[in-house]
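For the numbers below, each heavy atom of this structure counts, side chains included, while hydrogens, waters and symmetry mates do not. As the structure lists them, so they are numbered: ligands from 1, and atoms in each ligand from 1. In this chain, residues are counted from 1 in sequence order.
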Amino acid sequence: MKTILFLVVVTVLFNCKSNIENQKTIGVITDKAMVVSARKEASEIGSAILKKGGNAFDAMVATELALAVCYPYAGNIGGGGFMVYRKNNGEIGALDYREKAPLAASTNMYLDTNGNIIPNKSTIGATAVGVPGTIAGVFEVHEKFGSLEMEEIMLPVIQLAKKGVVVTEKQEKRIRKHQSGFLRANKDSILFQKKWKKGDTIKYHALAATLERILKFGKDEFYRGESAKKLADFLQKNGGYITTEDLAKYKAKWRKPIQFTYDDLNIISMSPPSSGGVCLSQIMNGIESFDLDKYGHNTTKTIQVITEAERRAYADRSHFLGDPDFVSIPVDQLTSKAYAKERMQDFSFKKATSSSAVSHGTITLVESNETTHYSIVDQLGNAVSVTTTINGGYGSKLYCSELGFFLNNEMDDFSSKPGIPNMFGLVGAKANEIAPEKRMLSSMTPTIVEKNRNLFMVVGTPGGSTIITTVLQTILNVHEFKMGMQEAVNQPRFHHQWLPDDIKMEPNGFTKTVTNELKNLGYQIDETKAPVIGKVDAILILPNGKLEGGADPRGDDKAIGF
Ligand code: GLY
């Protein structure tokens, strides 16, 4: 018995040690161009577009659409996203192709006559769907910055859909996990109800036909043409709100990104309706004056400082942020260094702050974590950072078999009822209440980092509310702790979001000494329920000008370039 116990202890210790220490990998290195995304097939298509002379924006269109084919879990044409870019001349900008609430939406649309949330109405099926923005987004990017013909960009994607995509082990598990959701959301049997196994090939003929029509007739096909009519009809028949008028009115919007400094870095990230850039700047402003590099990577002191800055930033997040076309947001104040200093004034290394003592205090935040990010640098030095989503895994689970894609459940990112958590635990505030044509608040944080005014890093991740803190730790791993890109991506991560008042930590990623020290200081630690925190796809410009990819081993992610 003693021997068995000894072996178990040794095995556990060995596993912990290997999870913590076996992270020093060097990523794919290329001379001048790279695409890093959630699937090999999408990175290959994006990289091939660059190789034939396309720029990062052409590759964005190709990669986004390829992910809609090969990564239906989160890649989409039935959802939306955000792109942050930096051209090789230093010009920066951002595109918002986030979904919108339909015209028929109203503040209380997910409440019953007693004012209670109607379970699942904002998460499963047609009632959960926001007006999709992805096709408007890719056409907007192509019109403004594209250099290749749309045909050259889209044909490889259409071919991929026809040829089919091989199921990976992780994908097999995901499809299996969501079977009950598919059954619940769809009246008829859908492609994904088959028991797909690793190594099978799924062919996407309906999606290929939709993409062919979009190629022939442009974005109007999706928003005003045959596809628009079919989509609105399908959603109405399934009890949804979206009409042909909603689709015809959808427009992607160019936004001014959030920009702030941290030491000698200039960080460019997504502005509202995403909370990503504002929140990231609040946290980084809060920790800037602390010597994290001296405290060391993932040590008690470092985790304390980051946690306390996160606690304070997330306390502000949902109170102040929403769609800037509908609510006025004090962005300059929230992102100022003086405000961050003031917020951190009551921080002490001696004891954890209690979240109940931190204003603004009416919001719990747990979003769904099924989104996807890709990073691109082209041979000319242009960079794009894109995060795109249908919100939940396979979105609303509602699949339009005729058009060949899943619809989002992004309406759940609104606060259905201020003060009351939705299915994902989200308790929102007035700034993010539902209104017709409003965009729902997001956490997506596509980010580009400059060092000495030169392009330094392109980074982003899925992960709902953990997106912001994952992007933060990836940047810090490189800047403060001198890691390479892949090494930075591989590191164990932690997350605090004010409420619930605990630090979520990736299991087996942190030493017992650190977790015990944190507990003794009054921090609640959640290593048991903590899911994978983020799935980063990033690119680092090395001192010799080459690119290092960081493709997250937590998924099937892949860096490809030349
Ligand atoms: N749907 C997740 C997000 O936008 O943050």
Location of contacts on Met440 toward ligand 1, heavy atoms closer than 4.0 Å: neither

Under 3.5 Å donor-acceptor pairs involving side-chain atoms of residues 279-288, not counting sequence neighbours:
from, atom 1, to, atom 2, distance (Å)
Ser281, OG, Val278, O, 2.8
Gln282, NE2, Asp316, OD2, 3.1
Asn285, OD1, Lys337, NZ, 3.0
Asn285, ND2, Ser281, O, 3.2
Asn285, ND2, Thr335, O, 2.8
Glu288, OE1, Lys337, NZ, 2.8
Glu288, OE2, Asp263, N, 2.7

Arg98 touching ligand 1 at heavy-atom level, < 4.0 angstrom: yes

Min N/O separation Thr371 to ligand 1 under 3.5 Å: no

Pair Gln259-Asn266, side-chain donor/acceptor within less than 3.5 Å: yes

Which of the ligand 1 atoms, numbered from 1, are nearer than 4.0 Å to a heavy atom of Asp413: 1 (N), 2 (C), 3 (C), 4 (O)

CA sep, side-chain torsions, deciding dist, call: Asp325, Lys100, salt bridge (Lys or Arg N to Asp or Glu O under 4.0 Å): CA-CA 12 Å; Asp325 298 339; Lys100 278 170 54 174; over 6 Å; no

Close side-chain approach of Tyr250 and Asp246, heavy atoms under 4.5 Å: no

Option passing side-chain hydrogen bond (donor to acceptor under 3.5 Å, both in side chains) with Thr388 (candidates Thr372, Asn76, Thr63): Asn76

Ligand 1 atoms in contact with Asn391 (distance to a heavy atom under 4.0 Å): 1 (N), 2 (C)

